[in-house]
Undergrad: 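Mind having a look at this structure? Questions to follow.
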Amino acid sequence: MNLNCIILDDYQNVALTLADWASLEPLVHTTSLTEHYADQDELVKKIAHADILVVMRERTPLSAELIGRLPDLKMVVTSGMRNASIDLDACAERYIAVCGTASSSAAPMELSWGLLLGLARHIVPENQALRSNGPWQHTLGMSLHGKTLGLLGLGKIGGEMAKVAQAFGMQVCAWSQNLTAQRAAECGVERMPSLTALLNTSDVVSIHLVLSDRTRHLLDEAALAQMKPDALLINTSRAGIVDQAAMIAALQSGQLAGAGLDVFEQEPLPADHPLRQLPNVLATPHLGYVADSNYHSYFTQAVEDIQGWLTGAPLRSLL
């Protein structure tokens, strides 16, 4: 048995160096694709004979249509234990094994603070001005001490966000549909009675919710209008939680002072997209989980998943 394993969207060209893929030889030969193929026909040409696909989060959706065009596919491994872009029903119908890996929440939490601090203190425009011999100091930053951080979601990442905010001397409040008074008390934050109350109160709103039918476009035009005019919005969670068109309009009009974004409705973001151009947006290309510790876990455990599948060992199954 000779199987072809293909790693998709290896943007940094590091996947083959971060795990012992050679341990799968000679049964499994592994290659990686460093480019993203948005066109399905072009993608199928590259992976038509794949027996195993290793995918990074939601970079390339594995729809039922795409799976139907991959007759040799027997196994999918994804980074993390949740991937909404894989059609699990289509995989189950084909008896395709779908496995995941561990994923640390530390990296996205740290990036959330990087975006928040960069936006509040105008680090990018000040750095650009310094490099281009522009004006020496031309912005007035927002001090975080004494300000209020509003957390949409107080799960694992939200709880860690609260700890850091408290270290900065910020007041912290939180809201979600399922937030209990006990959880808020455990984190030392104020549980807000409603989304409106949180938006009215917060100087910075940071999103840490799972995308679902209940949270899709939770921050729509009406909700964004309830934020303070000098407030900042941070989203390293899921783009669909915010109505993107309404957010762009609020940023363009100045109704929303700024946004720090790591997630987008379409990725990669089109070259002419307004979120690439707005001066009050600090954006990164979905880097939340892209850190050395996570990548080591993803690819090392992907090899373990494949070894387990080959030997019949228990799997980290998503099915």
Side-chain angles (χ1 to χ4, degrees), residues 4-19 21 29-73 75-88 90-91 96 98-101 103 107-108 111 115 211 235-242 244 261-277 281-292 294-303 305-306 318:
N4 292 314
C5 174
I6 301 178
I7 304 168
L8 299 184
D9 299 305
D10 180 17
Y11 295 157
Q12 293 86 7
N13 194 22
V14 296
L16 295 177
T17 69
L18 294 176
W21 299 96
H29 176 65
T30 305
T31 57
S32 74
L33 300 179
T34 58
E35 295 182 37
H36 177 75
Y37 296 93
D39 180 80
Q40 188 177 107
D41 291 337
E42 191 175 2
L43 176 63
V44 169
K45 290 178 183 178
K46 298 289 183 180
I47 65 173
H49 300 296
D51 299 284
I52 303 168
L53 289 178
V54 177
V55 299
M56 180 64 73
R57 311 296 279 205
E58 290 96 18
R59 289 178 184 174
T60 293
L62 297 186
S63 63
E65 180 184 0
L66 177 58
I67 291 168
R69 298 180 66 182
L70 304 175
D72 296 333
L73 188 62
M75 183 184 195
V76 174
V77 183
T78 177
S79 60
M81 289 301 296
R82 183 188 293 123
N83 190 330
S85 70
I86 299 175
D87 191 317
L88 296 178
C91 290
I96 297 169
V98 184
C99 299
T101 72
S103 184
L111 184 69
L115 290 171
L211 180 62
N235 189 6
T236 59
S237 181
R238 290 292 183 270
I241 296 170
V242 183
Q244 185 169 267
L261 307 172
D262 188 48
V263 288
F264 310 93
E265 289 184 352
Q266 183 180 353
E267 297 182 8
L269 201 62
D272 59 350
H273 199 283
L275 290 177
R276 288 184 180 265
Q277 309 299 329
V281 170
L282 176 58
T284 48
H286 207 153
L287 296 178
Y289 57 89
V290 181
D292 50 4
N294 265 346
Y295 267 43
H296 278 287
S297 295
Y298 295 159
F299 295 119
T300 297
Q301 292 186 22
V303 171
D305 285 338
I306 296 169
L318 273 66

Undergrad: Which pair of heavy atoms, one from I306 and one from C5, lies closest together, and at what distance?
TA: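 Here I306 and C5 meet closest at CD1-SG, 4.0 Å.
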Undergrad: L33 vs I47, test: side chain to side chain contact (heavy atoms under 4.5 Å, CB included). Steps then yes/no.
TA: CA-CA 9 Å; L33 300 179; I47 65 173; 3.8 Å; yes
Undergrad: Does P285 reach the side chain of Y11, with side-chain heavy atoms less than 4.5 Å apart?
TA: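 When only atoms from C-beta onward are counted, Y11 and P285 do not touch, as no gap falls below 4.5 Å.
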Undergrad: Heavy atoms, side chains only, cut-off 4.5 Å: are V242 and L261 in contact?
TA: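 No, every pair of side-chain atoms sits at 4.5 Å or beyond.
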Undergrad: How far apart are the closest heavy atoms of G100 and L318, and which atoms are they?
TA: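 In terms of heavy atoms, the two residues are closest at N-CD1, 3.3 Å.
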Undergrad: With no hydrogens and no angle check, do the side chains of S237 and N235 hold a donor and an acceptor under 3.5 Å apart?
TA: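 Side-chain D/A pair, S237 to N235: absent.
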Undergrad: CD/E267 to NE2/H286 distance, rounded to the nearest 0.5 angstrom?
TA: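 Result: 5.5 Å between the selected atoms.
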Undergrad: Does a sphere of radius 6.0 Å around CD in Q12 hold more than 12 heavy atoms from other residues, nucleotides or ligands, not counting ones at 6.0 Å or beyond?
TA: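 For Q12, atom CD is crowded (more than 12 foreign heavy atoms under 6.0 Å).
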Undergrad: Could you tell me whether R59 and D10 make a salt bridge, using a distance below 4.0 angstrom between a side-chain N and a carboxylate O?
TA: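 Looking at D10 together with R59, the answer is no, because their closest N to O distance does not fall below 4.0 Å.
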Undergrad: Do N4 and D72 come close enough that some side-chain heavy atom pair is under 4.5 Å?
TA: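 No, their side chains stay 4.5 Å or more apart.
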Undergrad: For residues C99 and M75, report the shortest heavy-atom separation together with the two atoms involved.
TA: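 That would be SG-CE, 3.8 Å.
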Undergrad: I'd like to know if the side chain of T60 pairs up with that of Y37 as donor and acceptor (distance under 3.5 Å, no hydrogens or angles considered).
TA: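 No, Y37 and T60 have no side-chain donor paired with an acceptor closer than 3.5 Å.
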Undergrad: I'd like to know if the side chain of W21 and the backbone of A15 have a donor-acceptor N/O pair within less than 3.5 Å.
TA: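 Looks like yes, one N/O pair under 3.5 Å.
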Undergrad: Start with the C-alpha gap between R69 and D41, add the side-chain angles, then the distance that decides, and say whether side chain to side chain contact (heavy atoms under 4.5 Å, CB included) holds.
TA: CA-CA 10 Å; R69 298 180 66 182; D41 291 337; 2.8 Å; yes
Undergrad: Under 6.0 Å from the CZ atom of R82, do we count more than 12 heavy atoms belonging to anything else shown?
TA: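 Check fails, neighbour count at 12 or below.
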Undergrad: Looking at every heavy atom in both I67 and A90, which two are closest together, and how far apart are they?
TA: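 Minimum heavy-atom separation between I67 and A90: CD1-CB, 4.0 Å.
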Undergrad: Looking at P270 and R276, what are the two nearest heavy atoms and their distance?
TA: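 Taking every non-hydrogen atom into account, O-NE, 2.9 Å.
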Undergrad: Working to the nearest 0.5 Å, report the span between OG1 of T236 and CG of L287.
TA: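 Going from the OG1 atom of T236 to the CG atom of L287 covers 11.0 Å.
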Undergrad: For the residue pair P61 and L66, what are the closest heavy atoms and their distance?
TA: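 Heavy atoms of P61 and L66 come nearest at O-CD2, 3.5 Å.
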Undergrad: If you count the non-hydrogen atoms of other residues, nucleotides and ligands that lie under 6.0 Å from NE2 in H36, is the total more than 12?
TA: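 Correct, the count exceeds 12.
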Undergrad: Would you compute the distance between atom OG of S63 and atom CD of Q40 and round it to the nearest 0.5 angstrom?
TA: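 Rounded to the nearest 0.5 Å, the OG-CD separation comes to 5.0 Å.
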Undergrad: Rounded to the nearest 0.5 Å, how far does CG of L8 lie from CZ of R57?
TA: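 Between R57 CZ and L8 CG, I get 15.5 Å after rounding to 0.5 Å.
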Undergrad: Kindly assign one of parallel, tilted or perpendicular to the pair Y289 and Y295, based on the angle between their ring planes and the thresholds 30° and 60°.
TA: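 Rings of Y289 and Y295: parallel, as their planes differ by under 30°.
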Undergrad: Just so I know, are the side chains of H273 and Q266 near enough to count as touching, which here means a heavy-atom distance under 4.5 Å?
TA: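 In short, these two side chains do not touch, never coming nearer than 4.5 Å.
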Undergrad: With rounding to the nearest 0.5 Å, note down the distance linking CG in L18 to OG1 in T300.
TA: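 One finds 7.5 Å between CG of L18 and OG1 of T300.
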Undergrad: Distance from I52 atom CD1 to I7 atom CD1, nearest 0.5 Å?
TA: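 Spacing of CD1 (I52) from CD1 (I7) equals 10.5 Å.
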Undergrad: For the residue pair S32 and L16, establish whether any side-chain heavy-atom pair is separated by less than 4.5 Å.
TA: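 A side-chain contact exists here, since the closest heavy-atom pair is under 4.5 Å.
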Undergrad: Does the side chain of N83 come within less than 4.5 Å of V76's, by heavy atoms?
TA: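 Answer no - side chains too far apart.
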Undergrad: Between E58 and R238, does any NZ, NE, NH1 or NH2 come within less than 4.0 Å of an OD or OE carboxylate oxygen?
TA: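 Yes, R238 and E58 are salt-bridged.
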